[in-house]
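We name chains A, B, ... by the order of the sequence lines, and we start the count at 1 in each one. In this text, all values refer to a predicted model and were calculated from it rather than measured experimentally.
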2 protein chains.
Amino acid sequence: MKFEPSLSDRSQWSIGEGCSMTKVLNVLSTKTAFQVLRELFFGTVRFDDFVDRTESSAPAVSRALKQLETAGIVAREPYQEPGQRARDRYRLTNAGEDLLPAFLSLVQWGDKHLHDGPPPLVFEEAGRALAVQVAPADAAARTRSDDITVRRPGR
Amino acid sequence: MKFEPSLSDRSQWSIGEGCSMTKVLNVLSTKTAFQVLRELFFGTVRFDDFVDRTESSAPAVSRALKQLETAGIVAREPYQEPGQRARDRYRLTNAGEDLLPAFLSLVQWGDKHLHDGPPPLVFEEAGRALAVQVAPADAAARTRSDDITVRRPGR
DNA sequence: CGGCATCCTGTATGATACTG
DNA sequence: CAGTATCATACAGGATGCCG
């Protein structure tokens, strides 16, 4: 990368301790947090489902959900199915939804470079395969996870 | 997200233990690894500069570089400046360069949602601001970090 | 079922010290 | 300068148990 004005004095740039990436990693500080985030994109809403599907322990999931809630990525909302007792369910906030590129870019990098099992998942919108790209901001696509179909190719 | 065929049996999908994101997080398992990756994108090549600029300790950087090298993200190449002794320098491989969307998406999410200091950095290519997007794969932009200019807005 | 407190283990990190 | 080994600490994760 090139820097303007020139990178003669790094202290003038917010690329050291104040780098946003560092702050994000303090919020998504654990593997469990990332796995819970993945399940949120996949539509998981119930606590025990997070535990099963992340293959993490209940305490780890509990901590991760609390951490994500504090960060404004997850909202806990009470709901009640008829005839059932009240429960909480977990949903991505708009800020959480904004993590879609981060999530997808990690998945797709792994699919490309660590591929060693079943064929990678294909993410589609309206029948067209999707990829994460660095592109001019004015051509913003802003695909939301709700609009994405995940296809499993035959092996 | 929606799933096709339907997500009745999760075991048929590589979204559990075999999820690529999980494997990626086993490679980029530490905060130091992410910070070193950031510096690689910013053009840092020398060991001591990584130590200074990541604000991590030398052992942590050493371990992170080794981890990234093993994963094929970093290449260690010897070089010699005239009149100087031989050294090693560290460079992103093509696989490492492919992590650009992951890196940028984290930075930009932090800039948007954890913003609390100096104005966020602007990443440009040919004078146009860049953003990470989820878009149809056939419109692939494939911007490389070398083509990106980082601009620091006045505060 | 949903969720959290407690305890124990494994790992990430930094300080220090040492080598080329 | 460019690392690495060793050790001590802090934190993430799982197992267990308890409570609504």
Side-chain angles (χ1 to χ4, degrees), chain A residues 16-17 19 21-40 44-71 73-91, chain B residues 16-17 19 21-40 44-71 73-91:
Chain A
E17 73 269 28
C19 173
M21 195 198 67
T22 305
K23 296 181 207 156
V24 176
L25 293 179
N26 286 334
V27 169
L28 290 168
S29 62
T30 73
K31 277 196 189 69
T32 313
F34 274 94
Q35 323 230 63
V36 167
L37 180 67
R38 179 193 67 205
E39 290 307 320
L40 286 163
T44 301
V45 293
R46 285 173 45 195
F47 184 87
D48 275 22
D49 286 335
F50 285 107
V51 174
D52 293 343
R53 297 172 184 172
T54 59
E55 288 144 22
S56 300
S57 63
V61 170
S62 178
R63 286 186 293 253
L65 282 170
K66 211 172 304 182
Q67 190 180 16
L68 294 173
E69 201 181 354
T70 302
I73 295 170
V74 159
R76 183 189 309 235
E77 51 186 48
Y79 77 111
Q80 183 151 22
E81 292 178 1
Q84 306 285 316
R85 63 179 179 76
R87 303 159 187 253
D88 281 351
R89 86 168 106 192
Y90 301 89
R91 294 251 180 228
Chain B
E17 73 271 27
C19 173
M21 194 197 67
T22 305
K23 296 180 207 155
V24 176
L25 293 179
N26 286 334
V27 169
L28 290 168
S29 63
T30 73
K31 276 196 190 69
T32 313
F34 274 95
Q35 321 226 67
V36 167
L37 180 68
R38 180 193 67 204
E39 290 307 320
L40 286 162
T44 301
V45 293
R46 286 173 45 194
F47 184 87
D48 275 21
D49 287 335
F50 284 107
V51 174
D52 292 343
R53 297 171 184 173
T54 59
E55 289 145 20
S56 301
S57 64
V61 169
S62 179
R63 286 186 294 257
L65 281 170
K66 214 173 300 183
Q67 189 182 16
L68 294 173
E69 200 182 354
T70 302
I73 294 170
V74 159
R76 183 189 309 234
E77 52 187 47
Y79 77 109
Q80 184 151 20
E81 292 178 3
Q84 305 286 318
R85 62 179 180 74
R87 304 158 186 253
D88 280 352
R89 85 168 108 193
Y90 301 89
R91 293 249 179 231

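When the nearest nucleotides of DNA chain C are assigned to A:K31 and A:D49 by heavy-atom distance, the more 5′-ward of the two goes with A:D49. A residue-by-residue look at A:L65 and B:S56 shows that A:L65 has its nearest nucleotide of DNA chain C further toward the 5' end.
Within the 4.0 Å cut-off from OP1 or OP2 of D:dG13, at least one side-chain nitrogen or oxygen of A:T30 is found. A close approach under 4.0 Å does not occur between any side-chain nitrogen or oxygen of A:S62 and OP1 or OP2 of C:dG3. Using a 4.0 Å cut-off, some side-chain N or O of B:S29 falls inside it from OP1 or OP2 of C:dA12. At D:dG13, one or more side-chain N or O atoms of A:T32 fall inside 4.0 Å of OP1 or OP2 (strictly under the cut-off). Within the 4.0 Å cut-off from OP1 or OP2 of C:dG2, at least one side-chain nitrogen or oxygen of A:R46 is found.
Of the candidate nucleotides D:dA2, D:dT4, D:dG13, D:dA2 has the atom lying nearest to any side-chain atom of B:D48. Side-chain atoms of B:D88 lie closest to D:dG3 of the nucleotides C:dC4, C:dT13, D:dG3. The side chain of B:P59 lies closest to D:dT4 when the candidates are C:dA5, D:dT4, C:dG3.
The backbone N or O of B:K66 lies less than 3.5 Å from a partner atom in the side chain of B:T70, making a donor-acceptor pair. Put simply, the side chain of A:Q67 never gets that close to the backbone of A:L28: no donor and acceptor are under 3.5 Å apart.
Rounded to whole Å, atom C1' of D:dG13 lies 11 Å from atom CD of A:Q35. B:L25 has its CG atom 15 Å from the C1' atom of C:dA12, to the nearest Å. Distance A:E55 CD to D:dA15 P: 12 Å, rounded to the nearest Å. Regarding B:L68, its CG atom lies at a distance of 13 Å from the P atom of C:dA12, rounded to whole Å. The nearest whole Å value for the distance from the CG atom in A:D52 to the P atom in C:dG3 is 13 Å. Rounded to whole Å, the distance from CZ on A:F50 to P on C:dG3 is 10 Å. For A:N26 and D:dC11, the CG to P distance is 12 Å, given to the nearest whole Å. A:F34 places its CZ atom 11 Å from the P atom of D:dG13, with the value rounded to the nearest Å.
At least one side-chain heavy atom of A:N26 sits less than 4.5 Å from a side-chain heavy atom of B:K31. Under the 4.5 Å side-chain criterion, counting only non-hydrogen atoms from C-beta, B:D49 is not in contact with B:E39. Side-chain contact between A:F50 and A:L40 is present, with at least one heavy-atom pair separated by less than 4.5 Å.
Heavy atoms of B:Y90 sit under 4.0 angstrom from primed sugar atoms or phosphate atoms, though from no base atom. At the heavy-atom level, B:R76 lies under 4.0 Å from the strands shown only through sugar-phosphate atoms.
Between the base of D:dG13 and the side chain of A:R63 there is a donor-acceptor pair shorter than 3.5 Å.
Ring planes of A:F47 and A:Y90: tilted class, angle from 30 to 60°.
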